[in-house]
Amino acid sequence: MNRNAPFVRKIIYATSIVVLLVPLFWLGQPATRDNDGTTVQGGGRLALLRVEHRLSQAQLGNIDPTSESMRLATVGLRGPAASFLWHKALVYQRKKNWDALSATVNQIIKLQPNFIGIWEFQSHNLSYNISADFDDYRHRYHWVKKGIDFLCLGNKYNRDEPRLLHYTGWFIGHKLGNADEKVEFRKMFRDDNDYHALLRDEMEIFDQDMDSRDAQSRDQKYDNWLVSRLWYLQAVRAVDYLGRSLRGKSPLIFHSDPAKSRINYADAIEEEGQFGEVAQNAWERAGIEWQAFSARPIPSSWGTMLRLNAIEEANKRLRELRDDLKSLSPDLEAQIVDERTRRLSADRLVIWETLEEDRQAFTFEDWNAYYMIQRELYVTNGDLARRSPKKARDQAQQVLRRINRQMQRVSRVDGYRRTVNFDYWETRCRVEQSAEATKAREHGFLAMEHYDEARLELAKEEFENGWREWLKVLGQFPEMKSHETRTELDMTMKAYKQTLVHLGEDPPKF
């Protein structure tokens, strides 16, 4: 064996490394930008790909030296270092040491600015946990804004990240619009022109015009629900047009939130005393967006795309398939029912054949027996397929399989609709556009104002005017007779009863 072989191999390896460094250096040359910072100039292919896919946070002339120094100091162990700091942050959170928590979180984002969880974690602490420690709602509003600002910073480090964009919209909408202090928060946000300027700058990153009327209410002031909708739309754009991942977020809820922001806006302005054409237009626009959402293909957990407005078409197809199954042996269903009826005992047969008007005298046991008999006599699709004549049995089994697949599809679409309470909001958007509904809301609002000011006679008059309008609404739209409507009117009902009690009158029993 040649004694010089190891030395020769080392020379070959060293030469190869040097040779390979040349194309790597050429491909990895950093890109530069022109004076306005918009056009990328020069740079190697790898650098251009990093810019195109936003895989690098540092550009020439815009480097965070603290962040880069921390990464060098961890000598490639950024993951373990971030995990250690994350544990410290949780300890500080339990101890409510907010200053130490904030400092620790800032260290984590310097180490791993693309760690989405830390942006969500700290923004929630700022807007929800820390703000709750203050008694004055103005201080709380200040800390809510700090949480939103933190998310805006995260959006700079993680361009077009749907989770962060959506989370920002959620804070602006729900934290300001659904908090216990929502009346004060919404008013402060509308009048906070300085903060609007900051948010406008953040929106410009995404080429989104926050000055558009889509973010403004009738008096041309920014509304938190409409601004949140713009952030939701940016998140949707990142998914639809840039192919970004939702990272575990429910596509159904994610895509419903822009339309729900419209609904929340329409609901909020009525709570604040805006009615008539303004409210009707707001509900009309909300209804249009809700219908657009229903027509949107939603990725499901079963690997298929579902549209919420496909339920009628799916049910129609299911009815057609059932008719096809019954047509293979038209008299079979009646035959099976007749066989099962003859097997009923005399007592149960009497219960089953009792006329509808005579069932009012049924006891609980009678009703229980009646429903049990009803279940026994019900002929399923499987019964029809199994009892079909031999010559049609194979075809019946094929139809049955198609029926089962269609039933599964109907069930899935229906489950998604119930998850977002689709039918209620669809009905609500339609009903609230009517003059009767607007008048009912206005009378209720005025009644509560009179009630709070102890003007009981005026309150009673407005309450009763409102109930008359509600009777018209429920007569015109019987689908509004729901648990949600009763829950929504519960406070008004209680105030009306109390008004009558104070006036010495007997309250109604409803």
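Counting begins at 1 with the first residue of the sequence. Just so you know, these numbers come straight off a predicted model, no measurement behind them.
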Test R441 against every option in E488, E436, E271 by the salt bridge (charged side-chain N to carboxylate O under 4.0 Å, His left out) rule and name the one that passes.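 Exactly one candidate clears the test, E488.
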Flag for [Y]-[X]: side-chain donor and acceptor within less than 3.5 Å:
X: D180; Y: Y137; value: no
X: E484; Y: N421; value: yes
X: Y195; Y: D149; value: yes
X: Y424; Y: R417; value: no
X: Y496; Y: E464; value: yes

I'd like to know if [X] pairs up with [Y] as an ion pair, taking the criterion as any Lys NZ or Arg NE/NH1/NH2 lying under 4.0 Å from an Asp or Glu carboxylate oxygen.
X: R237; Y: D160; answer: yes
X: K187; Y: E272; answer: no
X: K472; Y: E469; answer: yes
X: E161; Y: R247; answer: yes
X: K494; Y: D490; answer: yes
X: K145; Y: D192; answer: yes
X: R296; Y: D240; answer: yes

Establish, yes or no, whether a centroid distance under 6.0 Å links the rings of [X] and [Y].
X: W470; Y: F477; answer: no
X: W170; Y: H124; answer: no
X: F422; Y: W290; answer: yes

Would you please test F185 and V144 for side-chain contact (heavy atoms from CB on, under 4.5 Å) and show each step? CA-CA 10 Å; F185 281 0; V144 171; 4.2 Å; yes
Are more than 12 heavy atoms from other residues, nucleotides or ligands located less than 6.0 Å from atom CE of M491?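 Count not over threshold, so no.
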NE2 (H502) with more than 12 external heavy atoms under 6.0 Å: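 Correct, the count exceeds 12.
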Test your reading of the model: is there a side-chain donor-acceptor pair from [X] to the backbone of [Y], 3.5 Å cut-off?
X: T485; Y: M480; result: yes
X: N224; Y: G173; result: yes
X: S256; Y: I253; result: yes
X: T304; Y: S300; result: no
X: S131; Y: S127; result: yes
X: Q280; Y: Q433; result: yes

Measuring only between side-chain heavy atoms, which start at C-beta, is [X] closer than 4.5 Å to [Y]?
X: K439; Y: F275; result: no
X: K460; Y: L503; result: yes
X: E479; Y: R430; result: yes

Using side-chain contact (heavy atoms from CB on, under 4.5 Å) as the criterion, list what pairs up with A279, not counting sequence neighbours. E270
Would K175 pass as a cation-pi partner of Y128, given that its NZ or CZ must be under 6.0 Å from the six-membered ring centre and within 45 degrees of the axis? yes
Knowing that exactly one of K260, Q234, E289 qualifies, which makes a side chain to side chain contact (heavy atoms under 4.5 Å, CB included) with R229? E289
Do any pairs count as a ring pair (Phe, Tyr, Trp, His ring centres under 6.0 Å) and have a residue in residues 235-264, sequence neighbours left out, and if so which ones?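 Only H166-F254 qualify under ring pair (Phe, Tyr, Trp, His ring centres under 6.0 Å).
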How far does CH2 of W231 sit from SG of C152, to the nearest 0.5 angstrom? 4.0 Å
Please work out whether the ring planes of H196 and Y222 are parallel, tilted or perpendicular, with thresholds of 30° and 60°. perpendicular
Whether W467 and F463 hold their rings parallel, tilted or perpendicular, with breakpoints at 30° and 60°: parallel
